[in-house]
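None of these values were measured; they are calculated from a predicted model. Naming convention: chains lettered A, B, ... in sequence-line order (proteins, then strands); numbering from 1 in each chain.
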Amino acid sequence: MKIQDTLSNTEQELDISKNIKIYLCGVTVYDESHIGHARTIIVFDVLRKYLENKGIVIELIQNFTDVDDKIINRAQTENSTAEKISTKYIENYFKDFEGLNVKRATAYPKATEHIDDIIKFIEKLIEKEIAYTSKNGVYFSVSKFPSYGKLSKKKIDELQSGSRIAVDEQKKDPLDFAVWKFSDIKPIWDSPWGKGRPGWHIECSAMSIKYLGNNFDIHGGGRDLIFPHHENEIAQSESCTGSQFAKIWMHVGMVTIGGEKMSKSIGNVKSIKHVLENWGPNIIRLFCLSGHYSKPIDYSEEFLKENLTKWRQVETCHYELVHVNNENSEDITQMIKKLGVDFDNSLDNDFNTHLALSAFFQLVKETNKLAAEEKLGKNNADEIKKELKRMRGILGLVISEITESEKGEIDELIKNREEYRKEKQFEKADKIRDKLNEMSIELIDHKNRTIWMKKERIKSQ
RNA sequence: GGUACUCUGGCAGAACGGUUAUGCGUGAGCCUGCAAAGCUUAUACAAGGGGGUUCGACUCCCUCGGGUACCUCCA
């Protein structure tokens, strides 16, 4: 599998001969998560599910930044504590992502639970004279890391001249960044240098190395983290360990609205909770996977609606397979195999989910076509089901299922409706259809049989 | 200003030199008591502008232009 690496700006081969270790920068828990967060996390969720489908063991570590100015500010304005705020939004996070069918990461380390590791990390940097103490905190000395800027392709001198950074008198160099900030406002911890809290970037260095070792396979996050966050992580980590940090840097494009980045400061944020209520997980996932992960994707109701149409096709397809009763089967093994290979090849080639979805929808379409022509046999259905289930598993798409008792009720109602139809009492027949619709059951009248499907309820429809 | 990315048919979005992707939408048809869904079929000067390399370019090079992101809040 090849993945485009931001650092080398080339495609790198991912070594799948052994376990794969991935570190994903998670969220700062001071507010509700939005669709931009969802995209990044869904992309990595599908990546891990795809690799797991190949039988590879994945270690996926995703942090929570639970100590940060924003959390502290929020705590102050809400007359609460930083701990309460972060706990609240971590719970909120899990609710959102469970709703999105995202599989839990191997671990979700929090900065506040790794203060010792962070302090040890900083001690090493000070020992090596790469970090220094000043009046306001401990700073990383950028000039001690000659390749600073290699990830974001920035030149140090250009950064300095073009900078709009408020110069901190205490810093030796305006580019230096804090690894430890002195503070008296809780939450604070003791350190060899004084009371305070860690800087933002250091937590990811300390925790990724702790959980995954000096040199792991993929480090991911949103594109907006390239600078300064990931640049600084590289500087700290490689200075500390003396060896290469992540092998591949994989960055996910922004979600935009009307071409503009979705962000709190612009105020065009769509929360996961809100969109989930209106559109459900499957449509959001299709939306997030519909473009190449590295490119921006524009959020719009129309686009979600388009994905709703697609999702209905998947549901139809699924229920055609469930209700198949034809004994004769066509030879479709090759077709299924080809689309399965297309699907995998697309993902192997820099994780092209859009193309993978193309293969997926082609299989859906082929199935619906066979069903429409009454050519779909039971053996065919079993074959297709198996492959579709695999693809859906990777994509994280979940079909609404139904209980056995509901099934009995539905069959009964359909039977009644058939009677009415035979007697040409269409009003009564339609009433039954309406009743089923209220249960989210849609009827599909074929030539000489009627099948039903359970539709996911979509509020926005 | 610097850096990176991007510019494809009404819309969304692929193919890393040669094969009219694909989906949505739209038109027509099939099926149906009607509907929905599905299926069939049709639809598009397609390549930001201009050069160049090549037998051949969406794909490579140059140049001009538009857009977005980042340049210490950010997924």
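- The same atom, C1', is picked in B:C11 and in B:G18; the two are 29 Å apart, to the nearest Å.
- Checked by atom type, the side-chain pair A:Q62/A:Y93 shows a donor-acceptor distance below 3.5 Å.
- Of the candidates A:L395, A:N307, A:V102, A:V102 is the only one forming a side chain to side chain contact (heavy atoms under 4.5 Å, CB included) with A:R285.
- In this structure, A:K261 reaches the B:C70 phosphate: one of its side-chain N or O atoms is under 4.0 Å from OP1 or OP2.
- A:G253 comes within contact range of at least one nucleobase, with a heavy-atom separation under 4.0 Å.
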Quiz item: Quick one: what's the B/S/- string for nucleotides 33-38 of chain B, heavy-atom cutoff under 4.0 Å, read 5' to 3'?
Solution: BBBBBS
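- The aromatic rings of A:H229 and A:H201 sit tilted relative to each other, their planes meeting at an angle between 30° and 60°.
- Remark: C1' of B:U72 and CD1 of A:I226 are 15 Å apart, rounded to the nearest angstrom.
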Quiz prompt | Under the 3.5 Å Watson-Crick or G-U criterion, the dot-bracket string of RNA chain B, with | for inter-strand pairs | solution = (((((((..(((.....[...)))((((((.......))))))....(((((..]....))))))))))))....
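- One C1' atom belongs to B:U20, the other to B:A44, and the distance between them is 11 Å to the nearest Å.
- The backbone N or O of A:S294 sits less than 3.5 Å from a side-chain atom of A:H292, completing a donor-acceptor pair.
- Checked by atom type and distance alone, the side chain of A:N345 never pairs as donor or acceptor with a backbone atom of A:D342 at under 3.5 Å.
- Separation of the A:H230 and A:H219 ring centroids falls under the 6.0 Å cut-off.
- Taking atom C1' in both B:G13 and B:C24, the straight-line distance is 11 Å, to the nearest Å.
- In this model, no side-chain donor or acceptor of A:K264 finds a partner on the base of B:C74 within 3.5 Å.
- Comparing the P positions of B:U53 and B:C58 gives an interatomic distance of 16 Å, to the nearest angstrom.
- One atom, CZ of A:F177, and another, C1' of B:C73, lie 16 Å apart when rounded to the nearest Å.
- With both ends at atom P, the span from B:C5 to B:A42 equals 40 Å, rounded to whole Å.
- Rounded to an integer number of Å, the gap from A:E373 CD to B:C39 P is 10 Å.
- A donor-acceptor pair under 3.5 Å links the side-chain atoms of A:D350 to the main chain of A:Q4, judged by distance alone.
- Atom NE2 of A:H229 is separated from atom P of B:C70 by 15 Å (rounded to the nearest Å).
- Straight-line distance from the CG atom of A:N232 to the P atom of B:C74: 10 Å, rounded to whole Å.
- Note on ring orientation: taking the six-membered ring where Trp is involved, the planes of A:W452 and A:H323 are perpendicular (angle over 60°, cut-offs 30° and 60°).
- Atom P of B:C34 sits at a distance of 37 Å from the matching atom of B:A21, rounded to the whole Å.
- Distance noted for atom P between B:G67 and B:C30: 50 Å (whole Å).
- A donor-acceptor pair is defined here as one N or O able to donate and one able to accept, closer than 3.5 Å; no such pair exists between the side chain of A:E32 and the backbone of A:I272.
- Distance from the side chain of A:K310 is smallest for B:G23 among the nucleotides B:A75, B:U72, B:G23.
- For the pair A:A38 and A:K2, nearest-nucleotide mapping onto RNA chain B gives the more 5' position to A:K2.
- Separation of the P atoms belonging to B:U6 and B:C62 is 15 Å when rounded to the nearest angstrom.
- Atoms CD1 (A:I257) and P (B:C74) sit 20 Å apart, rounded to a whole Å.
- Under 3.5 Å, the side chain of A:K70 and the base of B:C74 form no donor-acceptor pair of N or O atoms.
- Checking A:S271 against A:H34 by side-chain atom types alone, no donor-acceptor pair falls below 3.5 Å.
- One cannot find a donor-acceptor pair under 3.5 Å joining the base of B:C24 and the side-chain atoms of A:E302.
- Atom CG of A:D224 and atom P of B:A69 are 11 Å apart (whole Å).
- For the pair A:I22 CD1 and B:A75 P, the interatomic distance rounds to 19 Å; values are reported in whole Å.
- Note on A:G259: only backbone sugar-phosphate atoms sit closer than 4.0 angstrom, heavy atoms only; bases stay farther off.
- Under a 3.5 Å cut-off, the side chain of A:T28 and the backbone N or O of A:T65 do not form any donor-acceptor pair.
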Self-check item: Protein-to-nucleotide contact annotation, 5' to 3' order, nucleotides 3-15 of chain B [B base; S sugar-phosphate only; - none; under 4.0 Å, heavy atom]
Solution: S-S------SSSS
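- The main-chain N or O of A:D445 is never found under 3.5 Å from a side-chain atom of A:T450 such that the two would form a donor-acceptor pair.
- Residue whose closest nucleotide on RNA chain B sits further toward the 5' end, between A:Y148 and A:M262: A:Y148.
- Each of A:D66, A:D68, A:D69 was evaluated against A:R197; a single residue qualifies, A:D69, per the salt bridge (Lys or Arg N to Asp or Glu O under 4.0 Å) test.
- For A:F182, the CZ atom is densely surrounded, since the number of other residues' heavy atoms within 6.0 Å is greater than 12.
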